[in-house]
Amino acid sequence: MDNNDPYLLYHGVLVTKVSHTDDSLKYYESFQVQDDDVIAITYPKSGTTWMQEILPLLLNGGDLTPVLTIPSWDRVPWLDGLRILGIADKLSAPRAFVSHMPYHLMPSSFFSSKAKVIYVSRNPKDVLVSTFHFHQMASFLHDPGTFEEFADQFLAGNVIFGKWTDHVKCWRNTDLGDRILYITYEEMIQDLHGVLERMLLFLGKSMSKDALNRVTEHCTFKTMKQNKMSNYSLVPEALMDNKKSFLRKGIVGDWKNYFSPELESKFNTAISEELKGMDITFPLG
Ligand code: PPS
């Protein structure tokens, strides 16, 4: 990997140099996870930003102030990212974080803590489409080439945070017991209110009916797209081409506009093969 490469290799996992340094990764390894921390784990493009909006609202009785005044990356920082170095001390409990890291690379304090995890997965075909567009708008990611070329890179795991199948598998086979809740992007699209109720229960929090309705409305794609603290419009143009939206379409099934029948068949075969023997299925249709 040369100096012009936009990525670092961290224990076999590609991460971007814009968000990770050797120092920040060292800090991550010794990070002290607290028992009342909540960590949303996602493979990229599966609902991270959505969690950065939802978690502060559920953890603080629906108060909209943090999501209207603090950029998403500072209000619910990446556990393994560079920015956490400057803000970890300023976060008040209960803290919420996001991370794309695989299970075995979590900091050691995580394993001995009682911190809760919300794992969000998304149809890998829609993940691929969303990631492809992100590569086209972000200057800190490699040029994706054609959609077909990028699909091959994705299936081979030559993308940040590695193979989608490795990620979903490692977070299924954990010793976390009832410390982990699994939700899907598709469930959130179908019934956001219902998923928020499940999350509240899991987090041991409650909220008035009116507050939950307000939170649900605030976390719709349409409303979040207007929230400049969450829509990535604050990121400098040199890093992201903001003529293309980070909150792009926010729908289920956009992959149908991109996959040829041949690619669909190749993709389904590869993913199903790698998930063989698992007692779970993911939406592929
Ligand atoms: S990242 O880069 O990993 O942090 O990206 P991530 O936030 O995980 O995923 C971005 C996709 O999530 C969509 N998104 C939403 N969809 C529906 N409703 C809401 N509220 C919402 N918030 C974010 C976002 O639009 C990206 O998906 P695509 O398919 O590209 O639109």
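Keep in mind it's a predicted model, so treat the numbers as computed, not measured. Counting convention: from 1, in listed order, for ligands and their atoms alike. All values below come from the heavy atoms of this structure, side chains included, with hydrogens, waters and symmetry mates left out.
Protein neighbours of ligand 1 below 4.0 Å, counting non-hydrogen atoms: Pro44, Lys45, Ser46, Gly47, Thr48, Thr49, Trp50, Trp78, His100, Arg122, Ser130, Tyr185, Ile189, Cys219, Thr220, Phe221, Met224, Phe246, Leu247, Arg248, Lys249, Gly250.
Checked against a 6.0 Å centroid threshold, the rings of Phe97 and Phe110 do not count as neighbours.
Asp80 pairs with exactly one of Ser24, Ser19, Ser99 by the side-chain hydrogen bond (donor to acceptor under 3.5 Å, both in side chains) rule, that one being Ser99.
In this structure, Phe150 and His135 have tilted ring planes: the angle between them lies in the 30° to 60° band. Note on ring orientation: taking the six-membered ring where Trp is involved, the planes of Trp255 and Phe259 are perpendicular (angle over 60°, cut-offs 30° and 60°).
Under the rule for a ring pair (Phe, Tyr, Trp, His ring centres under 6.0 Å), Tyr28 has no partner lying at least two apart in sequence or in another chain.
Ion pairing between a basic and an acidic side chain is recognised when a charged N comes within 4.0 Å of a carboxylate O; Lys276 and Glu273 show such pairing.
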